[in-house]
2 protein chains.
Amino acid sequence: MRILVVEDDTNLNRQLSDALKESGYVVDQAFDGEEGHYLGDTEPYDAVILDIGLPVMDGITVVEKWRGNGKGMPVLMLTARDRWSDKVAGIDAGADDYVAKPFHVEEVLARVRALIRRAAGHSSSEIVCGPVRLDTKASKASVDGVQLKLTSHEFRLLSYLMHHMGQVVSRTELVEHMYDQDFDRDSNTIEVFVGRLRKKLGGGDLIETVRGLGYRMQAPTDAL
Amino acid sequence: MRILVVEDDTNLNRQLSDALKESGYVVDQAFDGEEGHYLGDTEPYDAVILDIGLPVMDGITVVEKWRGNGKGMPVLMLTARDRWSDKVAGIDAGADDYVAKPFHVEEVLARVRALIRRAAGHSSSEIVCGPVRLDTKASKASVDGVQLKLTSHEFRLLSYLMHHMGQVVSRTELVEHMYDQDFDRDSNTIEVFVGRLRKKLGGGDLIETVRGLGYRMQAPTDAL
DNA sequence: CTTCGACCACGAGAATGCGCATGAGCCGCC
DNA sequence: GGCGGCTCATGCGCATTCTCGTGGTCGAAG
């Protein structure tokens with residue numbers, strides 16, 4: 001984890017940086033807004049601690065520039081005690097949190113940890129199997145990077161198969177997970193959907209049929 | 001976006017609730033810890049404002065119970081001035097942010113905005129999707145730089161969709177976040193609003209309908 | 001090797017029901 | 001009372017899904 005500390009008070013900067021290093025982070029330091037902005041723009045930080053009152057370019061502007069440039073790393077702002085309007089401006093500019101001066105170093109550390117933890121939670125949920133990618137959150141699937149146009153049942157089927165990659169999945173199991181309750185078991189709907197899905201997924205036999213048992217989604221590293 | 005305000009001071013509660021409603025949120029109110037806990041446990045809020053000193057059950061306990069129960073919505077705590085230990089306790093219990101009393105209402109609003117957009121994974125106060133811009137700060141939306149004239153429900157719908165860009169959002173989810181507690185679910189109101197919103201947003205099919213599942217706002221940089 | 005039975009693939013048509021537009025009534029606000 | 005916004009009902013169009021029938025494939029047994 002790499003952290004940038006932008007703070008013009010050299011004493012405070014060192015204090016924070018030391019505490020962070022002690023906690024196991026890699027720390028870069030900057031002492032004015034321009035330097036800080038440049039570093040944040042070019043280096044990949046996991047979090048930034050940013051004073052609001054800085055020489056050359058103030059903290060608000062720095063955040064705004066980063067955000068306008070697509071930089072999304074968590075930013076923790078340091079504000080003067082009673083400047084609540086600064087806090088509002090900072091938060092609206094895109095800061096994720098702030099601490100009012102004077103602060104306890106442990107509080108800053110706790111917040112940095114929280115920010116990093118939270119930022120880690122936003123990775124999109126994707127399952128990959130060979131050329132097939134499934135994004136459960138967006139309800140989208142693609143093969144070789146090409147978007148598939150799936151109906152909701154087709155998607156549910158693919159989803160279930162991909163969640164059980166490598167396993168043999170019986171027809172009844174599929175029925176039970178694709179439909180709410182009682183469903184006419186003697187119909188070949190599943191086969192029909194498997195057929196359609198195979199067609200949409202394309203050539204490589206990704207969905208293998210295990211005669212008498214059900215279907216199996218090919219694991220990516222399958223030595224046939 | 002739907003928000004719960006838990007505060008026993010009726011005056012303060014109303015003050016906050018009114019300000020939030022003015023900003024386009026749907027607000028539920030609770031006046032003691034138990035009521036607040038129950039509501040937060042059963043209804044899907046996008047954020048909660050929670051006083052720390054409450055009758056029947058204090059704020060810390062409320063958060064702890066929610067978190068222990070898997071509830072992850074952002075919680076903004078209201079603490080008494082200078083009670084540093086309360087802040088720490090609140091954060092440790094699982095609160096996401098706090099404001100010390102007495103506070104400026106705008107500060108609370110700014111923090112709520114920040115919490116909501118952070119929970120959705122956005123870093124700046126403006127959310128952009130293709131030609132559409134949503135200004136969470138001013139509660140305004142524009143297409144190609146032209147201001148849209150939206151009714152409050154239309155705005156809430158657009159806001160929720162844009163906060164969940166790329167994800168499929170179900171009709172019930174939309175209902176739950178656009179209306180407060182009791183609302184007749186079996187009607188096609190949402191479809192009507194989607195229709196109107198589409199008309200106002202103009203040609204490009206920004207709101208995609210996913211048959212059987214819900215709606216999805218098209219992400220701008222669509223990775224095909 | 002051949003034959004038989006069970007199982008599976010696939011195409012095409014039929015039926016379902018979802019989503020959309022539209023417009024009428026209703027409510028609250030000015 | 002007029003107006004703008006919200007809700008609800010109706011009917012249509014069409015994507016999706018289900019059914020059915022035929023033909024193909026596989027495995028085992030004679």
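The figures here come from the full heavy-atom set of this structure, side chains too, leaving out hydrogens, waters and symmetry mates. Since this is a predicted model, take the numbers as computed values, not measurements. Here is the naming used below: chain letters follow the sequence lines, and residue numbers restart at 1 for every chain.
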Under-4.0 Å side-chain N/O to phosphate OP1/OP2 contact, R198(B) with dC20(C):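 So the side chain of R198(B) is within the cut-off, an N or O lying under 4.0 Å from OP1 or OP2 of dC20(C).
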Distance check: side-chain N/O of T151(B) vs OP1/OP2 of dG4(D), anything under 4.0 Å?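 The answer is no; no side-chain N or O of T151(B) sits under 4.0 Å from OP1 or OP2.
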For Y179(A) and H153(A), run ring-ring contact (aromatic ring centres under 6.0 Å, His included): C-alpha distance rounded to whole Å, both residues' side-chain angles, the deciding distance at 0.1 Å, then the answer. CA-CA 9 Å; Y179(A) 298 92; H153(A) 278 193; 5.1 Å; yes
Ionic contact status for D135(B) with K140(B), cut-off 4.0 Å: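 A salt bridge is absent here (no side-chain N lies under 4.0 Å from a carboxylate O).
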Short question: side chain of D144(B), backbone of V146(B) - any donor-acceptor pair under 3.5 Å?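 Such a contact is absent between D144(B) side chain and V146(B) backbone.
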Reading nucleotides 22-30 of chain D from 5' to 3' and marking B where a protein heavy atom lies under 4.0 Å of the base, S where only the sugar-phosphate is that close, and - otherwise, the string is ---BB----
Any side-chain heavy-atom pair from L206(B) and V132(B) closer than 4.5 angstrom?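 Side-chain contact under 4.5 Å: yes.
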Sugar-phosphate only, base, or nothing, as touched by R196(B) at under 4.0 Å among non-hydrogen atoms: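 R196(B): base contact, heavy atoms under 4.0 Å.
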Could you check whether V194(A) gets within reach of a base, just the sugar-phosphate, or nothing at all, counting any heavy atom under 4.0 Å?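 Touches nothing.
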Give me, pair by pair, the N or O atoms of the protein and of nucleotides 25-29 of chain C that are less than 3.5 Å apart, along with how far apart they are.
none

If the test is salt bridge (Lys or Arg N to Asp or Glu O under 4.0 Å), which one of K200(A), K149(A), R198(A) qualifies with E154(A)?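 Looking at K200(A), K149(A), R198(A), the match for E154(A) under the salt bridge (Lys or Arg N to Asp or Glu O under 4.0 Å) is K200(A).
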Among dC8(C), dC8(D), dT17(D), find the nucleotide with the atom closest to the side chain of E191(A).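 The nucleotide sitting nearest to the side chain is dC8(C).
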Nearest-nucleotide wise, let me know which of H153(A) and L150(B) is further upstream toward the 5' end of DNA chain D.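 The residue whose closest nucleotide sits nearer the 5' end is L150(B).
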